[in-house]
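Hydrogens, waters and symmetry mates play no part in the numbers below; they use all other heavy atoms, side chains included. The chains referred to below are lettered A, B, ... by the order of the sequence lines, with proteins before strands, and numbering in each begins at 1.
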Amino acid sequence: MSVRIATWNVNGINPRIDRVTGWLQSAAPDVVCLQELKCTPEQFPQEKLAELGYEAAVRAGGRWNGVAVLSKLGLEDVTIDLPGQPEFDGAVEARAVGATCGPVRVWSLYVPNGREVGHAHYEYKLQWLEALRQVAAEDASGARPFAVLGDFNVAPKDEDVWDIAKFDGATHVSELERTALIELQKSGLDEVYPRALKYDIPFTFWDYRMLGFQKNKGMRIDHIYGNAPFTAAVKDAYVDREARRPGKKDAPPSMAPSDHAPVVADLEL
DNA sequence: ATGGTAGTTCGACTA
């Protein structure tokens with residue numbers, strides 16, 4: 001069977017609900033990992049997504065964070081939060097939800113930003129990635145197709161940001177963050193590297209400020225890592241930068257874009 | 001040029 005799996009940081013699902021549902025209808029993914037819902041569980045637009053044929057596993061946290069797995073292939077063994085997920089300020093945040101969708105098991109992940117190298121949030125980010133590695137290592141070794149998808153807030157290589165000189169000493173490009181991703185891969189996951197639909201590097205994020213998208217000042221920080229049964233089934237993968245394009249002048253606010261673009265993988269399972 | 005934009009608990013904080 002053909003299965004289309006996507007990950008998308010929507011930066012608030014309700015303010016841009018028509019942008020999201022429009023993309024779901026046109027791209028027609030079977031499984032979608034969403035991040036930055038920025039809503040409470042009650043505010044999650046369950047019915048609008050059900051109308052499009054999606055069941056949803058939701059880990060909403062209110063004002064910040066929030067992740068979900070949408071599936072047209074069924075939804076089983078939902079896991080809220082990573083086993084062993086570290087806390088920040090005494091709370092386990094809404095950054096991880098796992099689910100089995102028909103033949104594939106996925107996690108939707110929103111890795112902590114880190115704020116500044118050396119900040120407590122940066123240490124939290126590194127701990128979080130280590131907790132993820134431990135969880136992923138178990139499922140990665142199985143025969144079932146398995147992937148972790150989401151906003152990792154790490155650019156794996158220098159070319160994955162628009163100007164590495166501007167990121168000197170910054171988070172997202174530091175050696176420890178990149179090492180954490182390499183360690184994740186060593187646990188049995190390979191990156192599903194997407195095609196760019198324009199330009200050389202398939203950036204997934206462009207800051208709203210300073211015409212970031214228009215000038216292609218982007219970053220490649222949203223990723224898909226799959227185990228061998230998953231990556232062997234991948235036929236194509238791409239970043240849908242059109243979904244990041246600003247709306248037309250008279251478009252309603254609900255059509256405003258996220259600052260991230262979806263990453264899409266097509267599998268034959 | 002230390003700015004700019006957008007989301008949230010309406011306004012300081014996060015990204």
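- Side chain of R144(A) to backbone of P103(A): no donor-acceptor contact under 3.5 angstrom is found.
- Taking atom C1' on both dG4(B) and dT14(B), the two are 15 Å apart, rounded to the nearest angstrom.
- Aromatic pair Y225(A)/F152(A): ring centres closer than 6.0 Å.
- Taking the C1' atom of each, dG7(B) and dA1(B) are spaced 26 Å apart, rounded to whole Å.
- Comparing the C1' positions of dA6(B) and dG11(B) gives a spacing of 14 Å, expressed to the nearest Å.
- The salt bridge (charged side-chain N to carboxylate O under 4.0 Å, His left out) pairs that include a residue from residues 45-67 of chain A are R59(A)-D81(A), where partners are two or more places apart or lie in different chains.
- Put simply, CD on Q43(A) is 12 Å from C1' on dG7(B), counting in whole angstrom units.
- Per the geometry, NZ belonging to K215(A) stands 12 Å off C1' belonging to dG3(B), to the nearest Å.
- Here, dT9(B) and dT5(B) have their P atoms 22 Å apart, quoted to the whole Å.
- With hydrogens and angles left out, the side-chain atoms of N216(A) and W206(A) include a donor and acceptor closer than 3.5 Å.
- The stretch residues 16-51 of chain A participates, sequence neighbours left out, in these ring pair (Phe, Tyr, Trp, His ring centres under 6.0 Å) pairs: W8(A)-W23(A).
- The separation between K217(A) atom NZ and dT5(B) atom C1' is 15 Å, rounded to whole Å.
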How would you summarise protein contacts on nucleotides 10-15 of chain B per nucleotide, using B for base, S for sugar-phosphate only and - for none, with heavy-atom distances below 4.0 Å? -BB-SB
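- Rounded to whole angstrom, the span from the CZ atom of R16(A) across to the C1' atom of dG7(B) amounts to 8 Å.
- Toward the 5' end of DNA chain B, the nearer of the two residues P15(A) and M210(A), judged by each one's closest nucleotide, is M210(A).
- One side chain, R105(A) or T100(A), offers a donor N or O that lies under 3.5 Å from an acceptor on the other.
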